[in-house]
Each structure stands twice: as C-alpha cells, then as structure tokens.
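A short write-up of the structure that comes next.
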There are 4 protein chains.
Amino acid sequence: MTATAQILERDGPEAATTNAIAARAGVSIGSLYQYFSGREAIIAALAQRHVEQMRAVLSRSLAELIALPIEAAIPRLMAALVDCHRVNPTLDHVLHQVMPEDASVLDEFEDFAATIAAAAIRSHPGLAIADPELAGSTLTLAVGGVLRTTLRRWPARISDPALEQALVDLVLGFLARAGEGSKAARAQAPGHAAALLDEGPGGGQAAALKLGEGAG
Amino acid sequence: MTATAQILERDGPEAATTNAIAARAGVSIGSLYQYFSGREAIIAALAQRHVEQMRAVLSRSLAELIALPIEAAIPRLMAALVDCHRVNPTLDHVLHQVMPEDASVLDEFEDFAATIAAAAIRSHPGLAIADPELAGSTLTLAVGGVLRTTLRRWPARISDPALEQALVDLVLGFLARAGEGSKAARAQAPGHAAALLDEGPGGGQAAALKLGEGAG
Amino acid sequence: MTATAQILERDGPEAATTNAIAARAGVSIGSLYQYFSGREAIIAALAQRHVEQMRAVLSRSLAELIALPIEAAIPRLMAALVDCHRVNPTLDHVLHQVMPEDASVLDEFEDFAATIAAAAIRSHPGLAIADPELAGSTLTLAVGGVLRTTLRRWPARISDPALEQALVDLVLGFLARAGEGSKAARAQAPGHAAALLDEGPGGGQAAALKLGEGAG
Amino acid sequence: MTATAQILERDGPEAATTNAIAARAGVSIGSLYQYFSGREAIIAALAQRHVEQMRAVLSRSLAELIALPIEAAIPRLMAALVDCHRVNPTLDHVLHQVMPEDASVLDEFEDFAATIAAAAIRSHPGLAIADPELAGSTLTLAVGGVLRTTLRRWPARISDPALEQALVDLVLGFLARAGEGSKAARAQAPGHAAALLDEGPGGGQAAALKLGEGAG
DNA sequence: GATGAATGAGATTTCATTCAT
DNA sequence: CATGAATGAAATCTCATTCAT
C-alpha cells in the first residue's frame, strides 16, 4: 500500500500494476491477493488511508482553533488546510485521477470539511449567513480548488505566506460579504465592501471592469 | 474526436479504446492513425478543442462585461464562468482524469482566466490589490474548484442562483478584504469586514471560535 | 473428501480447489497434504469411495436375486442398477468429467457389473449366448448409458416405472434375440422376434423402413 | 478449431489453453480473440462442428436405410451409428468431459437420434410400442452408451462385427420384447422370448439367475 | 489513402503446493 | 503434527499499433 503510493506518486497511475506493486512491496503477487481482493481494492484502501490522514491532520488543528477569535482562527484554519493537503499532494492528485467518480472515498474529506465549516457558520448567527451549508461547501471547494491546483502546478508556492493570506481573505471576505447580503438588499444599498469597490480613482466608468487596460 | 468525446462522456476513459473511437467515428482504425499519431494525440487534440470552446464562451461574455461597473460585472462574470464549465462538464472531468499531469492543455484555460482576472484587477487600482497575479490566480482556482466539483457531484445544483450568488460573494468579498489588507495593517486597524466579524459583545467567550457573535 | 463431494455436487469441478476443500472439511490446507499427496489423489480417493458405495448397493441387491428365475430377476436387477446410480448421480457425473480418461477408478464399477452379468449369462446355458463376456459388457454399458444420461438430463424421470420397464425389455429382449441368433442362422430361419418383425403384408413397400408393418 | 481438436485429442482438456491453441493454429493469441469471444466459445464452436459432422454421417446413412426392410435396416443403422461415433471418438469423449452439463450442444446429437428413432417406431404401429419417445430415447442412449464407452476403453473392438451384431440384437430384441409387452400381460402369459428363456436344460430352478456358478 | 486482420507485450487473477513456525 | 501465509507459474484476455493489400 505504501508501495502503491510510491509508484503512483513517482510514475503515475499507469505504472501501478499489480505486479509492480507486489514487486515494490517485496512480496509475491500471490500474497497481494491474500490481503486485497484486487487492484481496485488496493487503491481504494490507499485512498481511504490517505483521507484518514488528511482528516487526522485537520482534526488535530481544529482542536486548537476552538479557543481562538475568528480573525485569528481563520488564518490558522487555512494553515491547517494547507497542512492537510501537504500530507501527500502528488498522491492526492493521482488518486483524484484514478478513483471512479461515483462514491469516491476522497469526497469524504471534502464532505467532512464542508460539514465542519457549515457547523461553524451556523454556530455564529451573527454572521447572518442565510444558507450555512452552501456557504460551508462553497468555501471548502474554493479553498480545496486553490490548494490542490497550486500543489499540482506550483508546489513550491504552497509555502508562500501570501497564498495563505489570500485564502484567509477569500474566506473572511466571503463571510463578510455573504453576511451583508442577507441583511440589506445589495441592489438598493451597496454594502461596505461594495461601496469600497465602487469608487476607483477614475470616476463612474472607471469602476467598470476594464479588461486588458492597465491601471487607469 | 467528437467520437472520442462521446465515448469518454458516456462510458468513461476505459471505454475509449482506439478501436472504439474509430468505430464510432465511422472510420477504420488505420485511418485514425493517419490523422493522429496515437491514442494520446487524439485525446490531447480533444482536450485542446475543449479548452478552446470554453475559452470562446468566456471571451464572448467578456466582451459584454467591459463596459460594466465592477459590482455588476462580477455577477455576470460568474455567470459566464458557470456557462464555460457547462460547455461539457462530464468531458471536462474525464479529461482532467485522463490527461497526464504535466503539460496539460487543460491548464491553459485556467491560465487564461487567471491572466484576465489579474489584468482586470490591475486595471482597477482602486481595489488596492497588492499582488494582482496572485489574486487573479486565487480567484480563478477558487471559482474553478467550486464549479468543477459541483458539476461532478451535484450537477443539478449548477443552475441554482444561490450558487452563483455565493460565487459573487466569494469574489467581491475577497476583493474587498484583500484590498483593505493592502491599505491598513489588519492587526492595527481592522477593516470593515474585520470590524464586522471581530469583537463579540461577550468578552471572554468572544475569544472562542463563534463566528456568529459579530456586531448585530 | 465428503467435503470434496459436496463441493463437486453443489458447485462443480471448478469450485473444488484445494483451499475450498480444506475449508469445508474444517482442516488447514497443510493438513490436507498430510493425508493426500495432492488434489488428484483426493479426487481419486473420492471416486474410489463412490465406486465402492455403488458396488455395495449392487451387491446387496444381488444377494436377493440369486434365487429368482430370470424373468423375475432381471426386473429386480434393473431396479438395483437404478438404485446404484441413485447413490449420487451428480457426483457420478462430475467424477466422470473430472477423472483422467486412463486408469479411471470409475471403470471398475462397469467392469464389476459386466463381470457379474457375464457370469450370470454363462450360468444359464439355456440362454445360448455365444459370447457371454460381450453380452455382459454390452448390457452393462447399454443400461449404464441409459441411466447416466437420464440422471444427468432428466433426473426426475429416473423414478418412472416405464423407464425401468424399458430397461427390462432391453435386457430380456437382447438375451432372447442374442440367444436365438446362436442357435439358428438368422438369415435362413428367422427366430421368434425376427418373425414378428419381418414380413409386412404389403410386399413392395414392406421393403421400406417401416418398423411397424410387422405381423399384427 | 482444428488445432483445438488436435490438442484436446492428444493432450486432454487441461492442455487446451488459449495460448496452446493459438500456437498450434499458427496464429497469435490476439487473432484468436478476433474470431472467438473466448476459450469457451472456441470449444463450443468445436463441439458444434463435431455434432454437425456426426449428424451429417448419420443423415447420409439414413437416406440409404429408408428403402430396406427392418431386419436389414437395423444392422445397417447400427453400422451407421458406429460410423458416427468413429468420426472422432477421442474428441467426442473429451468434449463430453469439458462441456458444461447444461445446454450442451452435444446433447443435440442424442436428441436428433432419439427423435428419428421415435419417429421410425411410431411409423410402425405393428410394433405395438406404447411409448415411442421413451423407446427411441432408450435405444439411443443404450447404443450411445455402448459405443462411447467401447471407443474410450477398447477402441479396437469397435470394428468387431460381433459388437455390431450385439447392438442389432439389443435393438431388435428390445423392439420385439417391448412390442409383446404391450399386447399381452407378461405376468399371465409369458411371451415368446420369455418362454424361450424360462426353460433351461436344468428344469425350474435352473432358470434362476445363479450368479457366480459356471454353466450347469 | 483507406482498410482491418494480425500482432504480442503485458495486465489481472487463480490456485496447487510448500515450509517456517 | 497442524497451520496458513507465501509462492509464482500459468491462464485468460485486452488493446495500441502496424502493414500488406
């Protein structure tokens, strides 16, 4: 199983044949089939273990977060999520490629994170988030998307504090904005953030999304 | 190629054998190898076409967005991104599974979107985003992550206006928050959103991770 | 061994792996190899036991038959043979599939039956059978063929009294006819049965293969 | 397929692996799977061909038999059946071992022969056979049993005219006896054959089936 | 150019048998 | 003796690719 992980990481899914796995594990192919019912089962077990590891890392961090104020908690939560995905990013990506799309164990982690996020949001009615489930899910998927793609394409960047800050801004910004949105009709009275955004240096039309032009 | 797409969508990557592709395309396997150098090339070409389609859909929408103020532009941009990913979500997902992780054509779309996002951000100095590239990339990956996972796991939800609103909140919230962050050190003078979130009325227990205890 | 029989009966030859046999027998695979030299030996022993059981059933019936006149004995002998094959028809058939064609223990039963039949025939010189060995063998194989195929294809039919009667007719008819044949040259003076069958009333068309046109 | 037959004949069922078949046929394993869906299909096709060959041989002989009187027809029919089974006795036996017991193509031949036999019997009402189907089936299975076992165990004996005569006696004897049986209650008035059998040289008790004693 | 039969390396899986404990 | 984990030869089948027609 660790053998499987190594092969998947180093050489990709195609290389993870039962023979290769057995060889790297240092056992005979026959032994492999005494412990696993087949290739799929091996990978499923590996995915399960991977998800459990990620969940463990996240859970450990959650314990420390409970006692923090939100502005301090979110940054550390983001750091925790980064750590989660650092458990084994390559494997994580390959598993996402390899697992059948339905009933994937990997989704468990996202579900877990989304559930926690929703619960946290719901426990703070002051945030005035109308649909905590949607908010939790959105934030989870958004952060997950950033982290997984970053790890796949620019692994070094994962340690960049600016990235972590961006994630914090993503989450806190969303919570602020989504909360406002519930309180006041955006169309009628633009909220704080909206107000901030509306006036650029260049007047009304300067506020438009001018693609391709440099800073006005 | 359309044949390949159909098979990938309907029956998954395993079913897309060269023979199956040739059969559905109504050509002989021999002819296939006159147009493509091999199986990988077929899929790569398909991915290329897929990315171009998505890019085309996005570009078309961008044209309409240029003249809009940002608060109006972002919602329509999000709608455009949703449309992009609706071009062929199943194929999109299967291609992400099938393509080798390095040098994937699929990344081109994300790069394209990130570049546009960065340009747009830079064109609004009023947003006061310190690192437009990072911001553009973050937003792109975040929105992409939400959309792709949603399409894979709960395809029907993609039409939910609440999801689109959540994406808008994600982007505008991030821009507001990230912009603030550049102007003032958050630790010293919490910005609007931070103020909203920061201090609960209850002192001690305000230190807890109770997101909702913010200012009513 | 009983375990082997059960598996062979229930699930066929393919299911009778050494591991399955050991499992059902409630012993370890290692122990199996202390009692038997290998898979073949297990099946051979099972076949041996099976043949002995059939032989025992037949022998028991033979004892009662000794004192009977032949016309009464043959029906009861046929009933006995039916009983023999009812010992375990499924196993019987599977063993015939599984055993190597050479040196099959299963042939012992047929040899046994043929020997007895030949002896019985020889002990009745009045039957006037020229070659008792051939006659015994022929009858044994004929009856065996009927019984085994019937059991394999239409197991329920084995209890049909009409089948038993047919077997009796087969044997007694053969004995009558084969006996006649030894006494008189059939071509010159047709025997009883021949007379019955020979000339139809109709001359010319009597030459056709119309079995029923015999003497009314 | 001829390759398969050769291997089955020479080396038995275990040797007929797909690789061995392909090798002997002089084609690659891949080609084998372009013509047959798998090992089972190859053997099934072989069995089909074998049955057709046997059926053809029998049919050819039947044409000549139609014009003969029954006493002449039966011997030639038996010769024809012998020829049938001489088509490829070893293969015939191996196929009977190898084919799955249900829905075996091999049964088609027996069904064919049994149907013909039943039809012939029914077309001769003078034979007074109460159940032509049973009689046809019984005779077919009986003769088949004799022939197949003889071919398997004592192949040379198949050319012995005495064996053929024994088969003729089996059939004609059965027909005579089964016909009588329908006309007169055997118990009340023993038929011709029975009468013949009853009196041995040694009086009443001499008629008993004295097993193991030599000829009185 | 088009065709598609042929190829064969290689993948997955089974199972009789062994042997250290 | 009993055990059962380990073994690995061998079987079936797939599929990307080639090449003679």
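Letters A, B, ... are given to chains in the order of the sequence lines, protein chains preceding strands, and every chain is numbered from 1. Only heavy atoms go into these numbers, but all of them, side chains included; no hydrogens, no water, no symmetry mates.
- In this structure a side-chain-to-backbone donor-acceptor pair under 3.5 Å is missing from B:Arg86 to B:Leu151.
- A salt bridge is defined here as a Lys NZ or Arg NE, NH1 or NH2 lying under 4.0 Å from an Asp or Glu carboxylate O, and B:Arg55 with B:Asp111 fails to meet this definition.
- Sequence order on DNA chain E of the closest nucleotides to D:Ile29 and C:Glu40 puts D:Ile29 first from the 5' end.
- Shown here is A:Glu14, whose CD atom has no more than 12 heavy atoms of other residues, nucleotides or ligands within 6.0 Å.
- One interatomic measurement links the two molecules: CG of B:Leu32 to P of F:dT18, which rounds to 12 Å at whole-angstrom precision.
- Using the Watson-Crick or G-U wobble rule with both distances under 3.5 Å, F:dA20 pairs with E:dT3.
- For C:Ser31, a side-chain nitrogen or oxygen approaches OP1 or OP2 of F:dT3 to under 4.0 Å.
- The nearest whole Å value for the distance from the CD1 atom in D:Ile21 to the C1' atom in F:dC13 is 13 Å.
- Listed candidates were F:dA2, F:dA16, E:dT17. Nearest to the side chain of C:Asn19 is E:dT17.
- Separating the CZ atom of A:Phe36 from the P atom of E:dT14 is a distance of 15 Å, rounded to the nearest angstrom.
- The residue B:Tyr35 sits close only to the backbone: its heavy atoms come under 4.0 Å of sugar-phosphate atoms, none of a base.
- For F:dT12, the OP1/OP2 oxygens have a side-chain nitrogen or oxygen of D:Thr18 closer than 4.0 Å.
- Annotation: of the two residues near DNA chain F, C:Val27 and D:Gly38, the 5′-most nearest-nucleotide partner is C:Val27.
- A straight line from CD of B:Glu14 to P of F:dA16 spans 11 Å, rounded to a whole angstrom.
- Between the P atom of F:dA20 and the OH atom of B:Tyr33 lies a distance of 17 Å, rounded to the nearest Å.
- Regarding contacts with the backbone of E:dA2, a side-chain N or O of B:Gln34 is found under 4.0 angstrom from either OP1 or OP2.
- The 5' end of DNA chain E is approached more closely, in terms of each residue's nearest nucleotide, by B:Gly30 than by the other of A:Gly30 and B:Gly30.
- Residue A:Ile7 contributes atom CD1, which lies 11 Å from atom P of E:dA11 at whole-angstrom precision.
- Nearest nucleotide to the side chain of C:Arg39, out of F:dT7, E:dT3, E:dA16: E:dA16.
- In this structure, the side chains of D:Arg148 and D:Pro89 stay at 4.5 Å or more apart for every pair of heavy atoms.
- Among the atoms of the strands shown, only primed sugar atoms or phosphate atoms (P, OP1, OP2) are found under 4.0 Å from some heavy atom of B:Thr17.
- Annotation for B:Glu40: atom CD does not count as buried by contact number, only 12 or fewer foreign heavy atoms lying within 6.0 Å.
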